Amino acid sequence: MAQKKLLLIDGNSVSFRAFYALFRQLENFKSPDGLHTNAIFGFKNMLDALLKDVEPDNVLVAFDAGKVTFRNEMYDDYKGGRQKTPSELSEQLPVIRELLKDMGIESYELKNYEADDIIGTFATLGEENNMQVTIVTGDRDLTQLASDKVTVMVTKRGVNDLEAYTPEHMKEVNGVTPTEFIDMKALMGDSSDNYPGVEGIGPKTASNLIQKYGSVEGLYEHIDELKASKRKERLIRDKDKAVLGKKLATIDRHAPVTITLADTKLREPDQAALRQLYERLNFRSFLAKMNASADGTNEESATETYTFEELNSENIDELTNIKGQEVTFYLAMLGENYHLAPIEGFCIKANGKIYASENSELLTEPVLKDLLEDKNIKKNVFDIKRTLVGLDRLGIKAQGLDYDMLLASYLVNNENNSNDLGEVAHLYGEYSVKSDLEVYGKGKKAAVPEKDIFYNHLAAKVAVIEKLKPELLEKLKDHEQDDLYDNIEIPTAYVLAKMERNGFKVNASTLEELDQEISKKLTELESTIYQQAGEEFNINSTKQLGHILFEKLGLPPIKKTKTGYSTSVEVLEALKTKSPIVSKILDYRQLNKLESTYIKALPEWIMSDGKIHTRYLQTLTATGRLSSVDPNLQNIPTKTEEGKQIRKAFVPSTPDGYIFSCDYSQVELRVLAHVSGDENMQEAFKSGYDIHAHTAMRIFHLDSPDEVTPLMRRHAKAVNFGIVYGISDYGLSKNIGISRKQAKEFIENYFEQYPQIKDYMDKAIKEAREKGYAETIMHRRRYLPDIHAKNFNVRSFAERTAINSPIQGSAADIIKIAMINMQKKLDELKLKTKMVLQVHDELIFDVPQDELETIKKIVPEVMQSAIKLDVPLIADSNWGHNWYDAK
DNA sequence: TCAGTCACG
DNA sequence: ACGTACGTGACTGAG
């Protein structure tokens, strides 16, 4: 007979993991009666995957019975200080129990015992009955149960990524056997269970000691053999703690359970009850799955079909009198880049009917064109900017697009940044529409499917845009994001569409000339490098380069990467003096970068109008900034002279015209001064001081600005930047090449001088912990589920993010407002000047010669008055006959 | 497709 | 004791 399989699940810890894995979706997972359901959903998903993978005969989900257990009798403060389970999670636990019951799975809890002990007991029972046991948990404590018959699966990220602990794997990870792991824990303590262990002993030392002496007892028998040291003293002093730790860490494998192995046998699920439960929880995907399998059809074909009509010259007049109505519109293009992608069709819902067409020329028929250009006919779409650009290509100046499902969903939760309607819909439990990837395929093979399938896909999209609108608008309201959505993001979409269509004129011939020069230099550098290396190799290959530098030439490898030697600038700079080849390689790298990323690539993007039309991604970044693609015009070189030359190719579109650039001075620091309310920093900005010099004066305790040396200013500048990023002494020391101790002093001085900034940073973290997200001045959110992480690094990252996001994000809010006001002003004054680029804190304009004076006046005015802060906003202007000269 | 590197704010 | 600055996109080699 085949070996029977037993699956044991730690119900509390897995629910906990599921809850935090889907924490950012917390508000998206709610049943109609207001119950949060994210943990239930995650738990159910994980359970399905496990049942499929493990195919168990018996399953038991163990829960903790309460806070107090037999361990508290040994140690009062066991698990003390632990944060209370959030109510959003605890309300879900009974439902998980109910779900298990309906699925035919036994769940169990035992007074005075933890779920761990129940699992330990049943693992032992399973072993005794020669079963193959799998344990699933979010907690490493249970790994002590691993044996040749017991595998412990611990969740890594989320709930579906599991790490399997066998005795061999334990040895690899901890250097000790599963039973020795108990002793290891006893020595190091457990902060989450709140018992101390021996002071100064971490995982490394604990593992070494236990490997040497076998156990806590073994260690203390031989304690005299240890050479005199602080560590030995502490081991002796904290012996009680170690002995207690061992008792606490040991899982009870013979708990007085009142159920038997037979009770854990997997039963048939109660379909009717499950259906009811899913309906109550609004689990539409699970319901759809059930329906699909009930029909005997598979999941794929469970898509709904929509009633639609093909639009043609016969019925097009049905779209004439729809004033005062709301319409939903979707324009289909094949490919991401909507400046170039072929327009394949469209779909419109009006008069309660859905019309679809493959004939985009119909859009230019007066009926439809007028409808789209009438600002009084409100249109719901997915991606306003894309729709505006697509229609503009057909000569249609669309107006009245006033609901954007993509923008709304991005503001509600920007963690998932998909641009695909289907994928976004899935986030809100709406599975009636597929993703474009599924329908069109990807890469070269992407194609519009057969007409009926295509129309149905479009109809599904239009239906979903309309269906989810109330829910998304409600969420925006809950988040106090109405203003951000209506008055910032939607108008920004219009402005960006215009900027993208404007394009930036680029001279291919200027780039061609640069190419001549750079190619020559590159060939020279190449041969010098080959000569000094003694052989020809691919300089662009880090692997080959590493071989030459660190093996053949024997230079010291300073840093390693996952795959081999690091050859980054940082490393090469340090090796510069050791061999002449190194600086040649640095030169080569720099020039090659310019050549391949800009000089060679940019001309490919110049369209027939002589301009480059980038696309801004308005719904991608975590902070609310824009990003630019195809090509990226936000990273055109500016730091080196050779790089800057590239900007000479960016020119005005009119003869003798100007490129005009205006950038905010220190926006992020000004935002910080504003949100923190720090009086010293506000004073510095109000007085118009050079902020970095001012900081230098303060942190170096100088009396007058004259005493500030350039080095001091440079250091102070780095500290100011560091603050915005959520500073660490290590990061600062690495950045400016000082000792960590010195960096620490800088930071301490800084906080002394700007005490309210320190308060701000603490408050930012505290609030993120309480609310689960960080927020900008305009209420843009960034969810930070990792702020609760156990792992120090993961948590620290989230904490720095909590500090940085409101600053970077508020600056992004501000320039968006400036852009909207700017475009309005250009329109009002009927100027021919065009806004052509945004680079985070900078706006760039294509200005006809005779408008320069006006622009010089209005641009800084508009930018500086975008928002009223407690400190002045300053913007500096530059102009010239190309972008290089606008400096 | 991933990792490494480097361009920008 | 941890190993670290925040946010992006494009190109290249290598699997």
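All values below were derived from every heavy atom in this structure, side-chain atoms included, with hydrogens, water molecules and symmetry-related copies excluded. For clarity, every value in this text was computed on a predicted model and none was experimentally measured. Chain A is the first sequence line, chain B the second, and so forth, proteins listed ahead of strands; every chain is numbered from 1.
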Where the side chain of [X] meets the backbone of [Y], is there a donor-acceptor pair that is under 3.5 Å apart?
X	Y	answer
A:Lys543	A:Tyr565	no
A:Ser810	A:Ile777	yes
A:Lys771	A:Lys766	no
A:Asn882	A:Asp885	yes
A:Tyr588	A:Thr523	no
A:Glu799	A:Ile787	no

Which whole-number value in Å describes the distance from [X] [atom1] to [N] [atom2]?
X	N	atom1	atom2	value
A:Glu573	B:dT5	CD	C1'	14 Å
A:Lys562	B:dT1	NZ	P	18 Å
A:Leu837	B:dC8	CG	P	14 Å
A:Met188	C:dA1	CE	P	12 Å
A:Asp729	C:dC2	CG	P	14 Å
A:Leu672	B:dG9	CG	C1'	17 Å
A:Ile815	C:dT8	CD1	P	17 Å
A:Asn804	C:dT4	CG	C1'	14 Å

Face-to-face stacking of A:Tyr725 with C:dC6, centres under 5.5 angstrom, angle under 30°:
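So yes, this residue stacks on that base, both cut-offs being met.
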What nucleic acid atoms does [X] come within less than 4.0 Å of, heavy atoms only: base, sugar-phosphate, or nothing?
X	answer
A:Thr638	sugar-phosphate
A:Ala718	base
A:Gly726	nothing
A:Ala622	sugar-phosphate
A:Leu594	nothing
A:Leu620	sugar-phosphate
A:Lys442	sugar-phosphate
A:Phe721	nothing

Is any side-chain N or O of A:Ser627 closer than 4.0 Å to OP1 or OP2 of C:dG9?
yes
Please state whether the phosphate of C:dG7, meaning OP1 or OP2, lies under 4.0 angstrom from any side-chain nitrogen or oxygen of A:Thr623.
no
Using the [atom1] atom as the point on both nucleotides, what is the distance between [M] and [N], in whole Å?
N	M	atom1	result
C:dA1	B:dC6	C1'	33 Å
C:dA5	B:dG4	P	14 Å
B:dT5	C:dC2	C1'	27 Å

Less than 3.5 Å between a donor and an acceptor, one on the side chain of A:Gln634 and one on the base of B:dC8, is that the case here?
no
Exceeds 12 heavy-atom contacts within 6.0 angstrom, atom NZ of A:Lys212:
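Check fails, neighbour count at 12 or below.
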Among [options], which nucleotide sits nearest the side chain of [X]?
X	options	answer
A:Asn735	C:dG7, B:dT1, C:dA5	C:dA5
A:Arg589	B:dC6, B:dC8, C:dG7	B:dC6
A:Lys639	C:dC6, B:dC8, B:dA3	B:dC8
A:Gln590	B:dG4, B:dA7, B:dC8	B:dA7

Check DNA chain C against residues 738-751 of chain A and give the residues with a non-hydrogen atom under 4.0 Å, in numerical order.
A:Arg740
Quick check on contacts: within residues 757-767 of chain A, what sits under 4.0 Å from DNA chain C by heavy-atom distance?
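Close to the strand, none.
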Ring-plane angle category for A:Phe650 and A:Trp883, please: parallel below 30°, perpendicular beyond 60°, tilted otherwise.
perpendicular
Which class fits the ring pair A:His613 and A:His339: parallel under 30°, tilted 30 to 60°, perpendicular over 60°?
tilted
Please give the stem ranges for DNA chain C, sorted by first residue number, where a stem is three or more consecutive Watson-Crick or G-U pairs and both donor-acceptor distances are under 3.5 Å.
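B:1-9 with C:6-14 - these are the stems of 3 or more pairs that involve DNA chain C.
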Sidechain N-carboxylate O distance under 4.0 Å for A:Arg647, A:Glu642
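No, this pair does not count.
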Is A:Lys758 paired with A:Asp762 through a side-chain N to carboxylate O contact shorter than 4.0 Å?
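Salt bridge: yes.
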Can you find a heavy atom in the side chain of [X] that is under 4.5 Å from one in the side chain of [Y]?
X	Y	answer
A:Tyr750	A:Ile723	yes
A:Leu549	A:Ile581	yes
A:Leu626	A:Leu496	yes

Base, backbone or nothing for each nucleotide of nucleotides 10-15 of chain C, written B, S, -, heavy atoms under 4.0 angstrom, 5' to 3'?
BSSSSS
Please walk me through it: do A:Phe845 and A:Trp879 pass ring pair (Phe, Tyr, Trp, His ring centres under 6.0 Å)?
CA-CA 9 Å; A:Phe845 300 82; A:Trp879 56 91; over 10 Å; no
Near DNA chain B, counting only heavy atoms under 4.0 Å, which residues of residues 564-571 of chain A show up?
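Residues of residues 564-571 of chain A that come under 4.0 Å of DNA chain B are, in numerical order, A:Ser566, A:Thr567, A:Ser568, A:Val569.
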Is A:Lys648 close enough and on-axis enough to A:Tyr884, meaning under 6.0 Å and within 45°, for cation-pi?
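Output yes; distance and angle both within limits.
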Under 6.0 Å from the six-membered ring centre of A:Tyr338 and within 45° of its axis: does the NZ or CZ of A:Arg386 meet both?
no
A:Ala789: which residues meet the side chain to side chain contact (heavy atoms under 4.5 Å, CB included) condition with it, sequence neighbours left out?
A:Val794, A:Arg795
If you find the nucleotide of DNA chain C closest to A:Asn793 and the one closest to A:Arg800, which residue's nucleotide is nearer the 5' end?
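Mapping each residue to its closest nucleotide by heavy atoms, the 5'-most match is A:Asn793.
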Salt bridge (charged side-chain N to carboxylate O under 4.0 Å, His left out) between A:Glu775 and A:Arg782, intermediate numbers included
CA-CA 6 Å; A:Glu775 206 175 20; A:Arg782 176 169 188 181; over 6 Å; no
